[in-house]
Amino acid sequence: MHFTEDGILKTTDTALAAYLTTMNYKLLRLEITESGQALFHFADSQEMQALIDPFYRGEIYRYFKAYRSLLKRIKHESRTGI
């Protein structure tokens with residue numbers, strides 16, 4: 001999830017936050033919500049917005065999804081002993 005509020009792009013998507021950081025966008029703030037979820041803050045810009053849709057359609061996002069899936073599997077299997 002991501003949204004813009006008062007000129008700040010806020011996202012709970014760690015993959016998107018990591019991507020924006022590698023694209024030299026400065027992380028302004030890391031907020032931990034009441035539910036314990038991380039909310040990453042970046043200064044919004046048209047250039048940044050132009051990167052977001054291609055990110056979700058591209059290989060980088062698929063990589064992050066696969067990576068997260070593997071981490072969940074490792075966590076699950078370490079608990080169950082399978």
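Quantities reported herein were computed from a predicted structural model and do not represent experimental measurements.
Side-chain polar atoms of D44 and Y25 form no donor-acceptor pair below 3.5 angstrom.
Hydrophobic clustering, with ILVMFWY side chains joined whenever heavy atoms are under 4.5 angstrom apart, keeps F3 apart from Y19. Placement of I60 and L70 in two distinct hydrophobic clusters is found when ILVMFWY residues are connected by side-chain heavy-atom separations under 4.5 Å, directly or transitively. Following chains of ILVMFWY side-chain contacts shorter than 4.5 Å, one cannot reach M1 starting from I32, and the two form parts of different hydrophobic clusters.
Side-chain contact between F40 and T14 is present, with heavy atoms from C-beta onward closer than 4.5 Å. Between L16 and Y56, the closest side-chain pair of non-hydrogen atoms falls below 4.5 Å. Between F42 and K26 the shortest side-chain heavy-atom distance does not fall below 4.5 Å. Between K10 and H2 there is no side-chain heavy-atom pair separated by less than 4.5 Å. Residues L20 and M48 meet the side-chain proximity criterion, which asks for heavy atoms closer than 4.5 Å.
Of the possible donor and acceptor atoms, none in the side chain of R57 sits under 3.5 Å from a partner among the backbone N and O of I52. No donor-acceptor distance shorter than 3.5 angstrom exists from the side chain of S69 to the backbone of K65, with no hydrogens or angles considered. Between the side chain of T4 and the backbone N or O of L9, no donor-acceptor pair lies under 3.5 Å.
Counting Ile, Leu, Val, Met, Phe, Trp and Tyr side chains that sit under 4.5 Å apart, directly or through other members, I8 shares a hydrophobic cluster with L28.
Annotation: R68, atom CZ; neighbour count of heavy atoms from other residues, nucleotides and ligands within 6.0 Å is above 12.
The heavy-atom pair separating F64 from A18 by the smallest distance is CZ-CB, 4.2 Å.
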